[in-house]
Amino acid sequence: MSFINPLSDEGKQIVREDGGDLDRIFDENDDIIDAVNSITAQEISDDAYIPKSYVDLVIKRVEWYVDKKSDPKYNHKKYAFLFYPEIAKFDVIAFYILCQAIGIKYGPNSRESRAVSELQGQIIENRLEELYERDRLEIVDKIMNILIVQDRIKWTSLADLLSSKKINLQDLVLKDGNVILDREDFMEYFKDVVKLQQPERMYNVFIGNRIKELIMIKMIMQNTENYIKNVHEIAGREVEPNATLLKIAEEVADALSKEIRYYGGGDSGGEVKASPLNIEKFPPCIRKSLDGIKSGGRNEVIVLFLTPFLSYARLYPSVFSRNTTLKVSDVDADLKITQNEILPMIYDAADRCSPPLFDDQPQEKININAKLGFGMNDNLNLQHEGETTWYTPMSCEKVKLNMPNLCRPDKTCKGITNPLSYYNRKMREK
Amino acid sequence: MEFFKQATPEERKIYYREEWDVNQVPNFILGQLENREFGFDHFGRGPNDRYKTFNSPEYLKRFMRSKTPFAAYCSVAFYEKPRKREGWMHAELVFDVDAKDIPIRTCNCDNVCEICLNEAKEIVGNIIDTLKSDLGLKNIHLSYSGRGYHIRVLDESVMEMDSDVRSQVLKYVVGADVPNDKYENRGQIYTLRPYSIPFGYPKVFTDRIKYSILHLTKDSKIEGISKNLLNKTLENRKFIEENQWGDFLNKLDPNHPKTGARNYNKLINSIASLNMSLVDGKVSIDLKRILRLPSSLHSKVSMRCTEVKNIDTFDPFKDAVPKFVWERKD
Ligand code: SF4
Ligand SMILES: [Zn+2]
C-alpha cells in the first residue's frame, strides 16, 4: 500500500525503521541492487540503468519523469524497476528524501515542488496499470477508505483539489452535493434515468474506477505538496539546513531542467515555431529576472518584461518577422500551455522576488492577465480575450533605459535589438 | 404611468420616509450586520461612499431616512473590521443575472421589459435547481435587483472558497464548457455525446443548451454561427423540444456518422461560450464585491430591490414597484 501512497502509516513506519541515516544514502546499497536485478521486466544490459544507492534511486525517479515527458526515444524497460513492488521499501525512503530535499531548498511554491507532486501522481498511475483489475480495485478502495474519513465525499471537501485545478468539477458526477463513486449509489440515484443505456455499462464507462482513482491520485499529490510545505516550514526554523539534502535538491533540479531541452531542432532554416521553452537559450536579462528581483522595480520586470517575453517565446516566437498579430488562443486554444507552463514560470519568478511580489501586491496577477490580452480580470477567460492586447516583448533599448541592471550583454547580444530575437537566434543555432 | 424612469430626489425621500422599513432588509443581512461593509451612491454616479458600517438596524434606519441615497449596497463578504475591509472571514457565493445583459432574449427591447425579466427568472430558476440538486447547497437566497436577479448562497461549505473554485461552480451551473465526449474503459474508447448521458454535468449542459436553442430568434447574432446554420437550427428545433437530439443532429449534419458533425459541433461550442455570459462572471468570483441592498431603491429604474421569497409567484411589476410610481401623473 505504501507503494501507492508513501504518505500512509505503513510508509511512515518504513521510514522510521529504515530511513534514519542520511549519511549513508550515497553509499552503494546491495539490497537495492539485488531487488532491481530480481525484476524480470527490467532491462539490465547497461549497468547505468540500475540504481545503486538511495540517492541514485531518487535521481532515477526524476529522470524517468523527464524522459517520459520529453524524450521521443523513451525506453520503458530502462525504468521498469520503478513499477514493481520488489523495490517498495526503498522507493518509499527515496520518496521522503526527495520531498525533504525539495522542501528545504525550494519550498512549496516552486516549479520543483510542483514537478515532484506531478511525478508522484504519474508514478502511481503507472503502478496501478501494472496491477490486475481485481487487485487494482481492491487497493484503490483500501486507500480511499483511509484517505476519506467520512462515508461519502462531498464535493466541497475537494476544494483544494478544485482550486489547484487538479480536478475539474465537471468531471465529477454529483448528486445532492455528494461525489458519486459507488456502484450502488449510482444505481440508486440514476437507475431510472439511464434505463435505456444499460446502467451497468454507463457506470463502468462514466465512473467505474476512473474517478475514484483520479481523486485518489490527486489527493496523494496534494498531500505530497502539503508534506513539502511542512518540511519547508520546519526547515525555516532551523539554523543550518542539512547539507546532504541541499546537494540532492540541486541534483534533482538539474535533472528536471533537462525537461525543457529542445527536441524539435531538426528542421533547417528560418522560423522558430511554438515549442517548449529552453531556459539555456534565454538571454542574460531574462535569466536574471527569472531569479527574482531583490530591489525595486519588481512589478515592471515581472509584468512588463517577463510576461510578454515568456509568452511570446513559448507561443509565437516569430512575432517580429511574421508581422501579423495573434491572440494567445490562436496558438493555445484551450490555454493549457499558458496555464501550465507560462504562468507558473512567471509566478515562480514573482515568488523569488524579495519581498515576493504577490504577497503585498496580489493585484499584479490581474495585470499579468491583461498583458496576455485577457483584460483586467482575475482569470484567464476566453470570454475576455481581446479586451486588452497581447503585449509584445520590449526592446533591448527599453530594457537598458528602464531596468539598466538587468542588461549584462554577452557575445550573442551583439547586433540584437530585442531579447526575443536573442532567443530565436540561439534556438536556430541548435 | 411609466415604468423604468429615474426617480427624482423627492420621490426618493417619499420612498425612504413613507414606504421603506428596515425590517424589509432580509435576515441574512440584519443578522450579522456588524460584519458587513456598506456602500452608497448619493448622486447617481456610482457607489463612492464606501467603508460604512452599522452596528444595529437602528443606525441603518436613521442613515437611510436622513440620506435617502440614490442607491445602497452591502458587501457579500464578512469582515472582522469591515470599516477597513480587513480580516476577511468569508463571502457569499453570488450569481448576478441582469436581464439587460442576457445574450439571447426573445424580446427586442432596449432596456428591460416583462419578457426578458421573465427569461432572467427562468435562468435563475435553472441555476438554483442545479445548485440544490447537483451541488447540494442550502441556504440560498434570491433577490430581485431592479433589473434582474441576485442569487446569494450562504451555505457555509462554499463561503470560504476562493475565486478559482467559484469560477468552476459558475461554469458548471451555466453550462459554459462542452463536456468531454471520449471515455476510456478497459482500454476501449467510447464516444458519448452529452445528450446521451442523463446525469452529472453532461445533463446540466444538455439542459442549458436546450434552453438557449429554444430561445434563439432569427435575429440572434452569435459568434461562430452563420445565418445559414442559425436558420437550420431554427427549422429543426422541434426535435430538441422533444429531446430528439439524435434526429436534430442528423438534420444538421446529414452525412455525419461520427466525424462529419461539423455544424452540430459549431453550434454546441458557440452556445457553450455564450452561456457563460448568462451570468456576470466578475460578480461571482469577486470575494469583496458590494451588491445592491435588498429593500433599497434602484433609482435609475424606480424599482425596489427586494428579497424574493417565492420565485414562482414573484412578479416584479407587482412586488417591486414602489407606491410613488403608481402615483406618478404622466
Ligand atoms: S542586449 Fe538585449 S538581450 Fe542582451 S542582455 Fe541586454 S537586454 Fe538582454
Ligand atoms: Zn426585454
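Note on naming: letters A, B, ... go to the chains in the order of the sequence lines (proteins, then strands), and numbering restarts at 1 for each one. Predicted model, so just to flag it, every value in this text is computed and none were measured.
Within a 6.0 Å radius of NZ in B:Lys238, other residues, nucleotides and ligands contribute more than 12 heavy atoms.
For chain A, no part of B:Lys203 is nearby; none of its heavy atoms comes within less than 4.5 Å. Heavy atoms of B:Asp162 lying under 4.5 Å from chain A belong exclusively to its side chain. Only the side chain of A:Asp171 has a heavy atom closer than 4.5 Å to any heavy atom of chain B. In this structure, chain A has no heavy atom under 4.5 Å from any part of B:Asp155. Heavy atoms of A:Ile167 lying under 4.5 Å from chain B belong exclusively to its backbone. Heavy-atom distances place both the backbone and the side chain of A:Gln170 under 4.5 Å from chain B. Only the side chain of B:Ser167 has a heavy atom closer than 4.5 Å to any heavy atom of chain A.
Aromatic pair B:Tyr172/B:Tyr201: centroids less than 6.0 angstrom apart. Ring pair A:Phe186/A:Phe206: centre-to-centre distance not below 6.0 Å. If you look at B:His90 and B:Phe78, their ring centroids are closer than 6.0 Å.
Most heavy-atom pairs under 4.5 Å with chain B: of the set A:Val179, A:Leu162, A:Val173, this distinction falls to A:Leu162. Annotation: maximal heavy-atom pairing with chain A below 4.5 Å, among B:Val169, B:Leu137, B:Leu131, occurs at B:Val169.
Side-chain contact check for A:Thr338 and A:Asp332: at least one donor-acceptor pair (N or O, by modelled atom type) lies under 3.5 Å. Counted by atom type alone, B:Arg208 and B:Thr130 present one or more donor-acceptor pairs between their side chains at under 3.5 Å.
Remark: side-chain polar atoms of A:Asp182 are not paired, donor with acceptor, to backbone N or O of A:Glu184 under 3.5 angstrom.
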